[in-house]
Amino acid sequence: AVYVANVGGGMLQHQTAIASSLADRLSLLPAAAETIENGPASGSSAVKNGLLAIASGYYDTILVVGGEKMHEVASQCATDFVSSMTHPQAEYPYGITMPALGGMFARLYMEKYGVTREHLHAVTLKNHAMGALNPYAHFKKPLNDKDIFDGPQALVNNPILADPLRLYDLCPTSDGAAALVLSTVDIAKKMGRPYIVIAGFGQATDTHTLAERADPTELKAVTLAAQKAFAMANLKPSDIHVAELHDAFTILEIAESERIGFFKEGEGGDAAINGQTRLGGQIPINVSGGLKARGHPMGATGVAQIVDIVWQLRHELPENRQVKNAEIGLTINFGGFANNVLCFILRRAEA
């Protein structure tokens with residue numbers, strides 16, 4: 001079967017039924033083909049559906065592809081497209097955008113937990129430094145303090161977009177694609193090399209609008225999805241060697257790292273400043289550059305996160321990107337504004 005994750009093909013490229021088209025283009029006929037849409041979490045939903053299809057015994061091999069072309073349209077069109085996932089009565093008519101929600105969330109989180117501009121800044125610098133080493137990244141240029149924080153041109157180079165978030169706190173609008181093959185363990189063993197097992201996954205939802213949540217900073221869907229994945233894998237946060245988190249905004253990497261259990265509440269920002277989330281740190285996060293630098297082509301992101309973890313666990317990356325002796329990895333894919341979240345835990349297995 002072929003599962004394709006895509007969000008905007010119909011709206012932006014006037015193309016639907018993309019999975020059917022791909023199966024034909026790849027000469028995979030008459031394989032089953034489906035297009036899967038779940039906002040920014042579409043990629044992880046496609047992987048989850050493939051996993052369950054194989055677990056059911058109906059299929060033994062599934063190609064999962066995620067792709068999006070967002071950069072080729074005008075920025076106003078792309079912003080409207082992304083905003084279409086907000087509530088059609090309570091949010092969208094009033095001009096709410098995802099960056100606006102990110103800014104309001106950041107303000108609440110900063111006031112509650114003492115997160116500062118320096119904390120956000122540390123995430124930006126880390127992820128751009130890693131993106132500069134990733135040949136598949138949207139942004140391949142490292143940043144420095146004078147570019148975005150303390151130089152005379154900082155306000156010009158890094159203007160406020162959704163206070164307190166600045167330009168470099170937001171992920172770019174990206175084109176991109178990613179793919180992986182899911183199969184049974186028996187088939188994987190025949191490849192004769194280490195393979196990667198999905199040890200656990202979890203998914204959870206929350207209210208469509210942030211305003212209906214008793215405490216929007218809790219990110220309940222993130223916590224629940226991670227708890228389900230850890231329970232299924234029989235693991236705990238301290239067992240994870242590398243993670244790819246959904247940092248569409250820098251504040252989200254910090255918040256998710258706490259909600260997953262890597263750090264206590266209010267300590268994720270200090271962990272970023274102290275280097276605990278860098279390559280070689282306690283828990284390297286977004287070694288790919290994350291959404292912040294690798295990019296965020298919506299339908300591809302969840303698949304790309306898993307591909308990056310697979311490369312880490314297979315120990316296939318160059319030394320300046322490889323987490324040493326990585327055996328277990330985790331991904332968080334954030335749908336809407338945390339109203340539909342998926343978490344995967346992957347584990348290296350020897351053939």
Side-chain angles (χ1 to χ4, degrees), residues 2-16 18-19 21-22 25-26 35-47 50 63-75 77-82 84-85 98-99 124 127-142 167-168 170-182 243-250 252-253 285-312 316-317 321 329 331-336 342 344:
V2 179
Y3 289 174
V4 175
N6 176 266
V7 187
M11 185 183 299
L12 302 181
Q13 283 79 40
H14 200 62
Q15 182 178 1
T16 57
I18 294 172
S21 174
L22 185 63
R25 293 285 187 94
L26 296 179
T35 304
I36 294 166
E37 187 272 310
N38 185 19
S42 295
S44 286
S45 283
V47 174
L63 173 65
V64 180
V65 180
E68 210 75 62
K69 297 184 73 174
M70 301 166 61
H71 195 249
E72 69 174 14
V73 301
S75 60
C77 179
T79 298
D80 182 62
F81 154 60
V82 176
S84 68
M85 74 180 78
M98 282 296 153
T124 297
N127 292 355
H128 274 266
M130 294 312 303
L133 302 174
N134 184 352
Y136 299 105
H138 187 151
F139 291 139
K140 299 185 179 69
K141 180 182 178 181
L167 175 65
Y168 282 104
L170 278 61
C171 67
T173 301
S174 306
D175 295 348
L180 54 83
V181 175
L182 298 173
E244 288 287 326
L245 305 186
H246 195 107
D247 61 325
F249 314 113
T250 49
L252 292 184
E253 179 177 314
I285 294 175
N286 290 332
V287 181
S288 68
L291 283 65
K292 183 67 207 70
R294 183 195 59 219
H296 183 28
M298 287 173 58
T301 291
V303 182
Q305 288 179 317
I306 293 175
V307 169
D308 282 312
I309 293 295
V310 167
W311 285 337
Q312 288 286 353
E316 293 180 342
L317 295 171
R321 295 181 58 210
T331 69
I332 287 285
N333 197 190
F334 207 78
L342 289 97
F344 281 96

Checklist entry - Can you check ring pair (Phe, Tyr, Trp, His ring centres under 6.0 Å) on H138 and H296, steps first, answer last? => result CA-CA 9 Å; H138 187 151; H296 183 28; over 10 Å; no
Checklist entry - Taking all non-hydrogen atoms of both residues, which atom of N286 and which atom of E253 are closest, and how far apart? => result ND2-OE1, 2.8 Å
Checklist outcome for this item: Between S44 and the options N333, T331, T301, the side chain to side chain donor-acceptor pair (under 3.5 Å) test singles out N333
Next on the checklist: Tell me if a side-chain donor or acceptor on T173 pairs with a main-chain N or O of M70 at a distance below 3.5 Å.
Outcome noted: no
Item to check | Any donor-acceptor N/O pair, Q305 side chain to I332 backbone, under 3.5 Å | outcome: yes
Item to check | T35 vs T16 side-chain heavy atoms within contact, under 4.5 Å | outcome: no
Item to check | Distance (rounded to the nearest 0.5 Å) between K69 NZ and L12 CG | outcome: 10.5 Å
Checklist entry - Are the side chains of N38 and L342 in touch, meaning some heavy atoms are under 4.5 Å apart? => result yes
Item to check | Heavy-atom side-chain contact between L63 and L26 under 4.5 Å | outcome: yes
Checklist entry - Just wondering, do P40 and M98 contact through their side chains at under 4.5 Å, heavy atoms? => result no
Item to check | Side-chain heavy-atom pair L180, V310 within 4.5 angstrom cut-off | outcome: no
Item to check | For F139 against H128, the heavy-atom pair lying closest together | outcome: CD1-CE1, 3.5 Å
Checklist entry - How long is the gap from CZ on R294 to CG on D247, to the nearest 0.5 Å? => result 8.0 Å
Checklist entry - Can you name the one residue among D308, I285, L291 that meets side-chain contact (heavy atoms from CB on, under 4.5 Å) with E244? => result D308
Item to check | Minimum-distance pair of heavy atoms, taken over all atoms of S42 and G39 | outcome: OG-O, 2.6 Å
Checklist entry - Does F81 CZ have over 12 foreign heavy atoms under 6.0 Å away? => result yes
Next on the checklist: On a heavy-atom basis, which atom in G295 and which in P172 lie closest, and how many Å separate them?
Outcome noted: CA-CG, 3.9 Å
Next on the checklist: Do N6 and E68 make a side-chain contact, defined as non-hydrogen atoms from C-beta onward lying under 4.5 Å apart?
Outcome noted: yes
Checklist entry - For the residue pair R321 and L133, what are the closest heavy atoms and their distance? => result CD-O, 3.2 Å
Item to check | Approximate separation, where rounding is to 0.5 Å, of L245 CG and K292 NZ | outcome: 15.5 Å
Checklist entry - Which atom names give the shortest non-hydrogen contact between T124 and Y168, and what distance separates them? => result OG1-O, 3.0 Å
Next on the checklist: Checking the side chain of K140 only, and the main-chain atoms of G131 only, is there a donor and an acceptor separated by less than 3.5 Å?
Outcome noted: no
